[in-house]
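Since the structure is predicted, the reported quantities are computational estimates derived from the model, not experimental observations. Ligands are counted one by one from 1 in listed order, and the atoms in each one are counted from 1 as well. Numbers for residues simply follow the sequence, beginning at 1.
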Amino acid sequence: MTIDLRSDTVTLPTPAMREAMFRAELGDDVFGEDPEVNALQEEAARMMGKEAALFCSSGTQTNQVAIAAHTHPGDEVICSPLSHIYLYEGGGTMANSGVSVRFVGNARGMFTADDVAAAINDPDNAHLPLSRLVSVEDTVNKGGGAVWDPEALKAISATCRERGLALHCDGARLFNALAVTGMDPQAYGALFDSISLCLSKGLGAPVGSVLLGSREFIRSAHRIRKRFGGGMRQAGFLAAAGRYALGHHVHRLAEDHNHAKRMAEALAQLPWVREVMPVQTNIVIFSVDGHSAAECVKWFADRGILCFPFGPDKVRMVFHLGVNSSMTEEAIRRIIIAA
Ligand SMILES: *Cc1c(COP(=O)(O)O)cnc(C)c1O
């Protein structure tokens with residue numbers, strides 16, 4: 001049996017999710033007539049306490065639409081150098097919106113309200129790009145699935161409001177973060193002007209993300225999604241999977257976190273594992289000594305465990321609804337025996 005820990009995007013729809021997709025009522029969403037898409041957007045917005053939502057093809061699309069909706073060419077976005085919007089969206093932040101990025105934060109992708117305040121350019125100095133947007137990633141993928149402290153987010157939100165900047169959350173794994181902090185989703189939603197929420201990561205839907213914000217913001221995002229080629233027609237098949245995921249797969253995320261912690265303990269026993277980043281959610285990142293990340297990935301693959309090189313000397317494993325407790329224990333057994 002192969003245990004696939006490369007990403008939480010490798011999940012396949014469960015039989016019950018497929019049933020929900022099969023039964024989806026459909027219409028043309030470009031005409032606003034797909035009942036499943038409309039229901040998903042309403043439910044997701046209500047869940048996070050936002051006025052409106054927009055179903056998009058991917059987390060990259062929700063982030064890119066949000067950045068374009070918040071900024072004008074020549075503006076600047078303040079974010080971590082580890083952020084997905086900078087590293088993994090094909091240069092889209094710069095190419096699609098014509099904005100520059102200003103880096104803040106530490107090795108886990110976190111920063112403070114003071115860091116933000118110090119990075120905001122003087123709006124009266126015409127030499128400088130206009131600081132327009134701050135983007136936070138929660139959980140931080142490159143930071144080993146690190147979860148933001150709600151107090152830090154509240155302080156950043158207050159600074160953004162005071163200084164007139166918009167605040168975006170790349171919440172690809174937002175519900176993993178909420179499972180740890182226990183923060184109320186609507187209180188969380190109130191901190192941000194926009195939130196991108198992936199349905200196809202730990203929540204287990206095959207495709208899709210939702211962008212959340214005010215009615216006015218989503219109106220503008222809707223036009224930009226169309227411009228980016230993101231108007232989908234009978235998208236209700238996919239929205240039905242997303243609705244099922246929001247209704248049934250949020251509550252089980254803590255299981256993935258337990259599996260990740262069990263794995264981290266086992267990995268720490270391998271002599272060539274230098275350091276395992278602290279595990280808070282479903283992601284385990286570890287650095288290796290004496291072998292390249294690619295060699296280590298091969299070592300695991302030879303034992304039927306798939307993982308992902310995450311830099312020259314780092315490897316990532318991600319837990320998800322396709323890996324249950326007995327599969328986790330089996331993976332650990334194979335690792336310990338081989339060690
Ligand atoms: C996966 C991910 C996204 C979106 O990725 P898509 O593959 O485009 O859906 C955005 N941000 C983070 C932090 C992610 O991990």
Side-chain angles (χ1 to χ4, degrees), residues 4-11 13 40 44 53-68 77 79-93 95-97 101 105 107-111 133-148 153 167-178 180 192 194-212 221 224-225 228-230 232 235 238-239 241-242 245-246 253 256-257 260 277 280-285 307-308 310-311 314 316-322:
D4 194 345
L5 304 175
R6 287 172 302 164
S7 174
D8 45 5
T9 55
V10 300
T11 56
L40 170 67
L54 187 68
F55 184 48
C56 290
S57 62
S58 67
T60 298
Q61 191 173 64
T62 44
N63 282 333
Q64 290 301 315
V65 165
I67 292 164
V77 179
C79 65
S80 159
L82 302 184
S83 56
H84 197 278
I85 62 162
Y86 175 68
L87 287 177
Y88 298 131
E89 301 189 2
T93 299
N96 294 326
S97 297
V101 290
R108 298 213 81 194
M110 307 284 174
F111 46 88
L133 175 68
V134 175
S135 181
V136 155
E137 188 172 308
D138 199 9
T139 69
V140 187
N141 177 24
K142 269 280 201 191
V147 177
W148 279 80
L153 292 177
L167 181 58
H168 174 69
C169 175
D170 176 357
R173 299 187 179 84
L174 174 54
F175 282 110
N176 295 86
L178 296 178
V180 172
F192 295 93
S194 57
I195 297 175
S196 155
L197 191 72
C198 280
L199 303 165
S200 63
K201 292 276 166 79
L203 296 182
V207 174
S209 285
V210 280
L211 180 62
L212 308 156
I224 294 164
R225 185 189 67 175
F228 287 177
M232 297 188 284
L238 302 173
L246 284 178
L253 291 172
D256 298 337
H257 302 178
M277 282 177 109
Q280 282 185 288
T281 54
N282 64 331
I283 298 177
V284 184
I285 294 179
C307 50
F308 202 69
F310 220 48
K314 284 197 172 72
R316 186 187 76 168
M317 292 181 175
V318 189
F319 288 82
H320 51 79
L321 92 172

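When only interatomic distances are considered, the shortest N/O to N/O separation between S200 and ligand 1 does not fall below 3.5 Å. Remark: ligand 1 and G59 share an N or O pair separated by less than 3.5 Å (distance only, no angle test).
Residues passing the side chain to side chain donor-acceptor pair (under 3.5 Å) test with Q64, sequence neighbours excluded: E89, T93, N96. Annotation: side-chain contact (heavy atoms from CB on, under 4.5 Å) contacts of S135 (sequence neighbours excluded): V77, C79, I85, H168.
Taking CH2 of W148 as the reference point, atom CG of L153 lies at 6.0 Å (rounded to 0.5 Å). A distance of 4.5 Å separates CZ of F55 from CE of M232, quoted to the nearest 0.5 Å.
In summary, the side chains of N63 and H84 do not present any donor paired with an acceptor at a separation below 3.5 Å, with no hydrogens or angles considered.
Within ligand 1, counting atoms from 1 as listed, the ones closer than 4.0 Å to a heavy atom of T60 are 4 (C), 5 (O), 6 (P), 8 (O). Residue E137 approaches ligand 1 through these ligand atoms, each under 4.0 Å from one of its heavy atoms: 13 (C). In the vicinity of K201, heavy-atom distances shorter than 4.0 Å reach the ligand 1 atoms 1 (C), 2 (C), 3 (C), 4 (C), 5 (O), 14 (C), 15 (O). Those atoms of ligand 1 with a heavy atom of R173 less than 4.0 angstrom away are 15 (O). Interface of S58 with ligand 1, defined as ligand atoms under 4.0 Å from a residue heavy atom, comprises 8 (O), 9 (O).
No more than 12 heavy-atom neighbours from other residues, nucleotides or ligands sit within 6.0 angstrom of OH on Y86.
The cationic atom of R316 (NZ for Lys, CZ for Arg) lies less than 6.0 Å from the six-membered ring centre of F310 and within 45° of the ring axis.
Heavy atoms of I85 found under 4.0 angstrom from ligand 1: none, in either backbone or side chain.
Under the 4.0 angstrom criterion, atom 5 (O) of ligand 1 counts as having a protein heavy-atom contact.
The nearest heavy-atom contact from the protein to atom 11 (N) of ligand 1 is D170 OD2, 2.6 Å.
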